[in-house]
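Below you'll find the structure, written out as structure tokens, and then a few comments.
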Amino acid sequence: MIRTRFAPSPTGLLHVGNVRTGLFAWLFARNLGGSYLIRIEDTDQERSERQFEDQIYEDLRWLGLDWDEGPDIGGAFEPYRQSERREIYRTHAEHLIEKGHAYWCFCSEQELDQAAEAARQSGEFWKYPGTCRDLSKSDIQKRFAANDPAVVRLRVRSGVIRFRDIVHGDMEFASDVISDPILLRSDGWPTYNYAVVVDDAMMKITHVIRGDDHLSNTPKQVLIYEALDMPLPEFAHLSTILGPDHTRLSKRHGATAVSQFREAGYLPEAMMNYISLLGWSPVSEGSEILPGDELIRQFRLDRVNKSPAVFDTHKLNFINRHYLKTSPAAGELVSRELQRSDWMPQAEGDSWMAMVMDTVVPTVDKVSEIPDRLTQMLEFSLEDSSDIQDTLGDSGAIEMLRQFLAELDSRDQLTTAQFREIAGKLKESSKRKGKQLFHPVRAALTMKSSGPELDKLIPLIETAAKYDLHHVARCRDRVRDFLVRYG
RNA sequence: GUCCCGUUCGUCUAGCCCGGUCCAGGACACGGCCCUUUCAAGGCUGUAACACGGGUUCAAAUCCCGUACGGGACGCCA
């Protein structure tokens, strides 16, 4: 039975690099019909906050992930928050001491720091010298009696440490470069390297999937597995995600938190699809648009790339544009955005939505751009005529527009069908067609030389005007005002 | 300083383990063409990469050695 986990620290918003790890572990488990669980690594009491933990669940759910065990839903290996597992870490540490795999260390943090600093200054390699490795029982008693602060350290064995990494291959480290790691701090809290191993072992995690910044920590952890007499899991260390300047992705690069992408109007399907393509590639060539179930079906951990990946907003946008046009969830999202920005008529919401989905949504990268795009399409300002100079200098065009206005005056709300009929008449009387015909009409209607097809734009204008959305003016008024000013 | 990891089109990558089918394939971006009243979309198409240097071999992106550059670990952070 495959078991993977995602183990974030609740010290901030969930990051793109982090979710990628969580996503890959999820895809892997689901592909093989295994279990996926969430564990919260909150042993850093200073920086951990409950609010971040809740945000993490929300972000993961939004993305479309689900889990079989976790702090919020429980499971067979509770508790799933490290802060609630202190007893467990302590008990295991005591066993390790009994078996001689670990020992109490009373060396002061300050002294050790100084020694390490001195070594670094002189450019020398430094590791913990093992001062407390062989303290006698009575020495230890004395120190405890004196209330000296103590940590528990692992006794690093000699010899080569080997483990398998699914993405990097076989790994080999010499143990003599490894300092005896601290398992329990003097305040009784476990260190990261110790807590992960105890938890992963006890929770029967079969595949440890995480960022490759942990690759160099793994030999230490392997030693802890050995001391605990627990079987080694398979490891998979994923590369880092970089910004466009090839440095680690961070706030400097703009949006990096999952919640920021959600707020910007990206669809979860698009996010999942794009992120899965960062360091992994499907076997099939051609389109890389793959919905969640297809990602699960195709995902293979051994096809994960070792080298760092640069986050590319262009490609994310491309994928998001696709889902905006095809996802059933897009309509709901667009509708909410229209309501939020007062671009939704009280009545006729359905036909208005259909128009928006058909003519404005295909022109944006993300939902949040829709209000601006609508403004841009529907605004009408007589002031700036720079875009339509050719129409202004064309008396034939102006003459035609007068006829156009006459036709409009006899009609209440202009429909697409009526517009086509009028266009047919104008074509006949003015002997104009194509660009000659439509360009001046567009100019009088929008003061611009480009935009959506008039067939689609006109009902958009008329509907918006009917409900006075953002003070959009109706077609008749536009043409009249245009002729008053430029005719 | 020591140890570890990484390096294929601008970007994400396939190929590398099991050398020839790769004068390197796909996707995004970019350019061109088509469609079209215009823009976008869509269809077609083009430009573009094996970090460098040695070796092994009839043959190397693929195997070996070295160099350079980038990243990580060496914490009572995770």
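Labels below follow one simple rule: chain letters A, B, ... track the order of the sequence lines, proteins then strands, and each chain is numbered from 1. Since we're looking at a predicted model, the values are computed, not measured.
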| Just to confirm, is there a sub-4.0 Å distance from OP1 or OP2 of G6(B) to any side-chain nitrogen or oxygen of Asn305(A)? | no
| task | Mind checking the CZ-OG1 spacing from Arg20(A) to Thr240(A)? Nearest 0.5 Å is all I need. | result | 8.0 Å
| field | Gap between atoms NE2 and C1', on His237(A) and A73(B) respectively (whole Å) | value | 11 Å
| message | Base, sugar-phosphate or nothing for Gly169(A)? Non-hydrogen atoms, less than 4.0 Å. | response | nothing
| task | Could you check whether Ser284(A) gets within reach of a base, just the sugar-phosphate, or nothing at all, counting any heavy atom under 4.0 Å? | result | nothing
| said: Under 4.0 Å, counting only non-hydrogen atoms across every strand here, what does Glu453(A) touch: a base, just sugar-phosphate, or nothing? | reply: base
| Is the phosphate of C16(B), meaning OP1 or OP2, less than 4.0 Å from a side-chain N or O of Arg303(A)? | no
| Watson-Crick/G-U partner (both atom distances under 3.5 Å) of U67(B) | A51(B)
| Nucleotide of C28(B), A78(B), U11(B) approaching Thr191(A) most closely (side-chain heavy atoms) | A78(B)
| Among A73(B), G1(B), G71(B), which is the nearest nucleotide to the side chain of Phe125(A)? | G1(B)
| Given that both distances must come in under 3.5 Å, which nucleotide forms a Watson-Crick or G-U wobble pair with C3(B)? | G72(B)
| Base paired to C58(B) (Watson-Crick or G-U; both N/O distances under 3.5 angstrom) | G20(B)
| Nucleotide paired to U36(B) in any strand shown, Watson-Crick or G-U, under 3.5 Å | none
| Which nucleotide in C76(B), A78(B), A40(B) has an atom nearest any side-chain atom of Asp44(A) | A78(B)
| Has His168(A) got a side-chain N or O lying under 4.0 Å from the OP1 or OP2 atom of C4(B)? | no
| message | Output the rounded distance in Å from CG (Asp176(A)) to P (C74(B)). | response | 17 Å
| said: In this structure, how many angstroms lie between the P atom of A27(B) and the CZ atom of Phe311(A), rounded? | reply: 21 Å
| Val177(A) or Phe318(A), whichever maps to the more 5' nucleotide of RNA chain B | Val177(A)
| With both distances under 3.5 angstrom, what nucleotide forms a Watson-Crick or G-U wobble pair with G10(B)? | C28(B)
| What do the steps show when you test Tyr57(A) against Glu53(A) for side chain to side chain donor-acceptor pair (under 3.5 Å), and what is the final call? | CA-CA 7 Å; Tyr57(A) 301 141; Glu53(A) 182 184 324; 2.6 Å; yes
| query | Which class fits the ring pair Phe163(A) and His237(A): parallel under 30°, tilted 30 to 60°, perpendicular over 60°? | reply | perpendicular
| query | Given His207(A) and Thr4(A), is the side chain to side chain donor-acceptor pair (under 3.5 Å) satisfied, shown in steps? | reply | CA-CA 5 Å; His207(A) 296 261; Thr4(A) 67; over 6 Å; no
| request: Would you mind classifying the nucleic acid contact of Arg442(A) as base, sugar-phosphate or nothing, using non-hydrogen atoms under 4.0 angstrom? | output: base
| said: Work out how far the P atom of A49(B) is from that of G25(B), and round it to whole angstrom. | reply: 11 Å
| request: For Lys427(A), report the nucleic acid contact type (base, sugar-phosphate, nothing); a contact means any heavy atom under 4.0 Å. | output: nothing
| Which nucleotide sits closest to the side chain of Arg47(A): C76(B), G42(B), C77(B)? | C77(B)
| field | Rounded distance (Å) that lies between atom C1' of U38(B) and atom CE of Met447(A) | value | 16 Å
| query | Of the nucleotides C76(B), U11(B), C28(B), which one has an atom closest to the side chain of His314(A)? | reply | C28(B)
| query | Over how many whole Å does the gap from Tyr128(A) atom OH to U2(B) atom C1' extend? | reply | 20 Å
| Should Ser281(A) be listed as having a side-chain N or O under 4.0 Å from OP1 or OP2 of A14(B)? | yes
| request: Classify the ring geometry between Phe311(A) and Tyr274(A) as parallel (under 30°), tilted (30 to 60°) or perpendicular (over 60°). | output: perpendicular
| task | With heavy atoms under 4.0 Å as the rule, sort Ile289(A) into base, sugar-phosphate or nothing. | result | nothing
| query | Is the distance from OP1 or OP2 of G75(B) to the nearest side-chain N or O of Arg120(A) less than 4.0 Å? | reply | no
| request: Select from Met171(A) and Asp113(A) the residue whose nearest nucleotide in RNA chain B is closer to the 5' end of that strand. | output: Met171(A)
| What's the CZ-P distance between Arg321(A) and A40(B), to the nearest Å? | 11 Å
| said: Base, sugar-phosphate or nothing for Leu278(A)? Non-hydrogen atoms, less than 4.0 Å. | reply: sugar-phosphate
| field | Residues Asn193(A) and His214(A): side-chain donor-acceptor under 3.5 angstrom | value | no
| Does Arg478(A) make a cation-pi contact with Phe482(A) (under 6.0 Å, within 45 degrees of the axis)? | no
| query | Taking the side chain of Arg248(A) as its heavy atoms from C-beta onward, which of U11(B), G71(B), A78(B) lies nearest to it? | reply | G71(B)
| said: For a quick check of understanding: with a heavy-atom distance under 4.0 Å over all strands, which category does Val310(A) fall into, base, sugar-phosphate or nothing? | reply: sugar-phosphate
| query | For the side chain of Leu215(A), counting heavy atoms from C-beta on, which of C12(B), C5(B), C28(B) is nearest? | reply | C5(B)
| query | Looking across every strand, which nucleic acid part, if any, lies under 4.0 Å from Glu41(A) by heavy atom: base, sugar-phosphate, or nothing? | reply | sugar-phosphate
| said: Using a heavy-atom cut-off of 4.0 Å across all strands, would you classify Gly434(A) as base, sugar-phosphate, or nothing? | reply: sugar-phosphate
| How would you label the contact of Phe173(A) with the nucleic acid (heavy atoms, under 4.0 Å): base, sugar-phosphate, or nothing? | sugar-phosphate
| request: Tell me what Pro308(A) touches on the nucleic acid: a base, only sugar-phosphate, or nothing, going by heavy atoms under 4.0 Å. | output: sugar-phosphate
| task | Provide the distance between the two P atoms, one in C3(B) and one in G75(B), to the nearest whole Å. | result | 16 Å
| Arg185(A) side chain N/O closer than 4.0 Å to the phosphate oxygens (OP1, OP2) of C77(B)? | yes
| request: Before accepting this row, confirm whether a basic side-chain N of the pair Glu337(A)/Lys366(A) lies closer than 4.0 Å to the acidic partner's carboxylate O. | output: no
| query | Looking across every strand, which nucleic acid part, if any, lies under 4.0 Å from Lys127(A) by heavy atom: base, sugar-phosphate, or nothing? | reply | nothing
| How close or far is atom P of A73(B) from atom CG of Asn217(A), stated in whole angstroms? | 8 Å
| task | Starting at atom NZ of Lys315(A), determine the distance to atom P of U11(B), rounded to an integer number of angstrom. | result | 13 Å
| said: Counting only side-chain heavy atoms from C-beta out, which of G42(B), C76(B), A27(B) sits nearest to Glu288(A)? | reply: A27(B)
| message | If we ignore hydrogens and angles and just use 3.5 Å, is the side chain of Thr416(A) paired with the main-chain N or O of Asp455(A) as donor and acceptor? | response | yes
